[in-house]
Amino acid sequence: MSNKVFLSGNEAIARAAYAAGCSVASAYPGTPSTEILENIAKFKGEIDCEWSVNEKVAMEIGIGASIAGARALVCMKHVGLNVAMDPLMTYTFVGTSGGLVIVSADDPGMHSSQNEQDNRTLGKFAHCIELEPSDSQEAYDMVRGAWELSERTGAIVMVRMTTRTSHSASLVDLGEDGLKRGAVEVKPYVKNPRRTVAVPANAREMRFALEDRNRRLLEESEKSPFNRIEDGRSELGIITSAVAYEYVKEVFPEYRILKLGFTNPLPVRLVREFAASVKRVVVVEELDPVLCNAVRLAGVDVTPYKTELRMMELNVSRIRALRAELLGEALPAAPVQPVEAQSLPSRPPTLCAGCSHRGVFYTLSKLKTTVCGDIGCYTLGVVPPLSSMDTTICMGASIGNAFGMRKAGFKGRLAAVIGDSTFFHSGMTGLLDVVYNKGAVTVVVLDNRITGMTGHQQNPGSGKTLLGEETVQTDIAEVARGLGVKRVHTVNAYDLVELERVLSEELDCNEPSVVVAYGPCVIAAKKLAGAIPHAVDPSKCKTCGACFRLGCPSIVRGERLANGRYASRIAPAACIGCGLCSQVCKFGAIASTGVPKA
C-alpha cells in the first residue's frame, strides 16, 4: 500500500527528514529554503529544530549533532552557504559520525536574492556528495536516503535544490512506512580528539583520509539509483540533471538521456558508456557549466552550442531554442497574448502600506543622507519616491560598508541601515568593529521584531522560538551598549518629528551611534484588522504631492479639482492608519476616519 500526497519540494524534504529519523535540524530562513524548517516544526518537537542566528551557527549545530552520533539536517539558501563554509570545509576533513545532510537552495533568476551563484561548485569544493532532485518525489527519495549514505561513507551530503524544485508541488509516494517516524538510534559518542580536533598534526592525517574517501565515493556514484540512462534515438545524447531534466524530457522526448541525480563525484564510467552509445553528446544544465566541465574532464567530446543557458532560470522556450539550434528546426511560433494581457500595468515593488520602515527612509532622504543598506524588506527603500538607499551587498554588510566609506574619506551624512534579524545575523560584529576602531558611523536598526521578507519567522528579538515557545527577548539597544556604543536611542518609527530630531543629531555627532527605530511588522502583528484608516478632505488638498513622496501604496490619485490637478485619495482597504501621511500634510487635509476596519 502506498501513501501518495501532493507536496512541494521543501515539504517533501521535511517529510523525508521525519521518515529517516533525523534528530536535529537547524537553519536560517532564506527564500527558497525557508519552508523546510517550518514544516519540520509541524512534527511537534519530534525533531529538535531551531532558527539559528545565522547559517554558520546552523552549520555548527548540525556538525555538533553529527559528532554526537545523531542524524542532522542544515538548510539555507545559496548565499547562506557562503556564511557556513568555514565550519563545513573543516568538518569535511573530520568526516561524519551521525549522517549530516545540507540543503542548499539556489535561486536561478534571482527571484529573491542579491546574486545568482551555482552552489554545485561550492559542494564540489567542499568534497561533498552532491544530489540534485528534479522534482518533489526525488527530493523525498534522495533526502531520505542521504543520511544512510553519509553514515556509510563518512561524507557530508549536499542536496542542491533550486527555486523551482523547492516551490513546485507534485505527487509524492511516501512508501508504506512514509508516515512513520524513523526509528534510528543515536550512535554513542566516543571520545577521539585525534579524529575530531582539527589541529595541523591531526588535519594532515585527515587530508589523506579525505582523498581515500573521495576514491570510494566514485564507486557510490557509479552504482547510485539516482543516475539512469533513458533510451531513445542515438543521433543525440543529452546529459542533464535537476530541473533541467524536466525541460529536456518535454522538448527532446525522442532522444537518449543520461539523467544524473548523484552528480558529485561524477559517475565517469557511466558517462563514458552513455557517450559511446550516441553520435554526439550535449550537456544541458542550469547556470554554471559544472556538469559540462566534469564530462569533458572524463574525456568525452561535448558538442558546444550558442543558445544561452548559463544565466537566469531555465524555461521551455530556451530549451526549444536549443533544439532549434542543434537540429536545424524552426522555432515554434510564440503564442499571441490577448489584448488585455498585453496592456496590464506593471506593479513595482514597494514597502507595504503602513510599514514601519517607511518613515525612517523618508526622514533619511529628507536629511540628504547617504545610506548603506542591507538584506531584507527594507532594501525596498531604494525604490522611488523614497530613493533612500545607496548600497546593498550582503547580510550585515551595511555597517562595514559605511565604515569603509568613512575610512576612504567620505564626507557628509552617512547611515548604515539594518534590520533586527540581520543585526543578530551578522551586524553585531560590524558594529563592534566600528567601536573598537574608533569609527564614526550612525547605525539605524529597523526593529520590527520579526524576520519579515522570508515570511515572518521568529528571531532573538521576537521572544519566541521556531516552535512558538517563549524565550529571552534580546534588546538591541542593550546589545549596542554592551558593545561599547555610548550614544544609543530608541524611537517610535511612526513619529516623524522625533525621528528627524534624533537622526539629525546622530548623523552629525562624529562618533559611533545606534538608533533603534521600533515599529511592528503590520502583517505579522495583524495590524490590518481593526485598523482605523485615514482619509483625504478634497476641499483642503492643495495637490502639493507631499503625501505621494512617502511612496505608500494606499495613497492614490483622487478626484480632479478646479485647478485641473488631482487631489490625493487614500484607499481605505489598504490603509492601516499609521498616520505618516497626516504628519507630512501641511494643510491638514488628511485625518483619521475614526471608523475601524471590520
Side-chain angles (χ1 to χ4, degrees), residues 78 106-111 115-124 130 132-135 160-165 168 221 226-335:
H78 62 298
D106 287 6
D107 189 16
M110 296 166 282
H111 297 280
N115 74 17
E116 183 181 63
Q117 66 185 53
D118 190 329
N119 276 6
R120 292 178 298 170
T121 301
L122 290 184
K124 186 174 183 178
E130 290 186 356
E132 294 188 65
S134 64
D135 58 18
R160 189 248 189 174
M161 300 289 284
T162 63
T163 299
R164 199 59 47 193
T165 49
S168 295
S221 171
F226 301 128
N227 300 327
R228 65 177 184 268
I229 294 175
E230 299 181 358
D231 203 12
R233 291 171 54 180
S234 61
E235 296 95 323
L236 180 67
I238 301 173
I239 300 176
T240 188
S241 67
V243 75
Y245 163 78
E246 304 292 346
Y247 297 123
V248 167
K249 282 292 289 181
E250 181 171 345
V251 177
F252 294 90
E254 72 270 43
Y255 291 100
R256 284 175 70 82
I257 296 173
L258 172 54
K259 196 274 183 192
L260 296 177
F262 190 132
T263 56
N264 187 61
L266 186 76
V268 174
R269 289 200 305 270
L270 182 62
V271 167
R272 290 171 177 166
E273 173 193 334
F274 176 77
S277 72
V278 297
K279 291 183 179 179
R280 57 175 175 157
V281 172
V282 169
V283 178
V284 178
E285 56 191 315
E286 193 169 50
L287 299 185
D288 294 346
V290 176
L291 272 183
C292 184
N293 291 342
V295 170
R296 283 189 169 128
L297 283 172
V300 173
D301 184 19
V302 177
T303 300
Y305 49 80
K306 295 180 180 178
T307 303
E308 174 53 60
L309 302 184
R310 303 303 187 215
M311 295 187 295
M312 305 299 163
E313 189 174 32
L314 289 185
N315 55 43
V316 172
S317 296
R318 297 173 73 187
I319 304 303
R320 284 176 179 157
L322 175 64
R323 180 179 176 116
E325 177 188 346
L326 293 172
L327 304 179
E329 300 174 350
L331 276 171

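Since this is a predicted model, take the numbers as computed values, not measurements.
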Note, [X] side chain near [Y] side chain (heavy atom, < 4.5 Å):
{"X": "Arg280", "Y": "Leu236", "answer": "yes"}
{"X": "Thr307", "Y": "Ile319", "answer": "no"}
{"X": "Lys249", "Y": "Lys259", "answer": "no"}

How long is the span from the [atom1] atom in [X] to the [atom2] atom in [Y], to the nearest 0.5 Å?
{"X": "Leu266", "Y": "Glu130", "atom1": "CG", "atom2": "CD", "result": "11.0 Å"}
{"X": "Glu230", "Y": "Phe274", "atom1": "CD", "atom2": "CZ", "result": "9.5 Å"}
{"X": "Ile238", "Y": "Thr303", "atom1": "CD1", "atom2": "OG1", "result": "10.5 Å"}
{"X": "Asn119", "Y": "Met161", "atom1": "CG", "atom2": "CE", "result": "13.5 Å"}

Pairs of donor and acceptor atoms involving the side chains of residues 250-258, under 3.5 Å and at least two apart or interchain, shall be tabulated with distances.
unit_1, atom_1, unit_2, atom_2, d
Glu254, OE1, Arg323, NH1, 3.2
Glu254, OE2, Arg323, NH1, 3.2
Glu254, OE2, Arg323, NH2, 2.6
Arg256, NE, Ser277, OG, 3.2
Arg256, NH1, Asp231, OD1, 2.5
Arg256, NH2, Ser277, OG, 3.2

Anything under 3.5 Å between a donor and an acceptor, one on a side chain of residues 281-297, the other on a protein residue two or more places apart or in another chain? List them.
unit_1, atom_1, unit_2, atom_2, d
Glu285, OE1, Arg120, NH1, 2.9
Glu285, OE1, Arg120, NH2, 3.0
Glu285, OE1, Val290, N, 3.3
Glu285, OE1, Leu291, N, 2.8
Glu285, OE2, Leu291, N, 3.3
Glu285, OE2, Cys292, N, 2.9
Glu286, OE2, Leu314, N, 2.8
Asn293, ND2, Pro289, O, 3.1
Arg296, NH2, Val302, O, 3.3

Atom CE of residue position Met312 - does it have more than 12 heavy atoms of other residues, nucleotides or ligands inside 6.0 Å?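 Correct, the count exceeds 12.
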What residues, two or more places apart in sequence or in another chain, satisfy salt bridge (charged side-chain N to carboxylate O under 4.0 Å, His left out) together with [X]?
{"X": "Asp107", "value": "none"}
{"X": "Glu308", "value": "none"}
{"X": "Arg164", "value": "Glu313"}
{"X": "Lys124", "value": "none"}

Backbone of Pro108 reached by a side-chain donor or acceptor of Glu116 within 3.5 Å: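 No; zero donor-acceptor contacts below 3.5 Å.
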Looking only at heavy atoms, which two atoms of [X] and [Y] are closest? And how far apart?
{"X": "Phe226", "Y": "Phe262", "answer": "CB-N, 4.1 Å"}
{"X": "Ser221", "Y": "Pro265", "answer": "OG-O, 2.7 Å"}
{"X": "Asn227", "Y": "Pro267", "answer": "ND2-CG, 3.5 Å"}
{"X": "Glu132", "Y": "Ser241", "answer": "OE1-OG, 3.4 Å"}
{"X": "Ala298", "Y": "Val268", "answer": "CB-CG1, 3.9 Å"}

Among Thr163, Asn115, Asp106, which residue meets the side chain to side chain donor-acceptor pair (under 3.5 Å) test with His78?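 Checked Thr163, Asn115, Asp106 against His78; only one passes side chain to side chain donor-acceptor pair (under 3.5 Å): Asn115.
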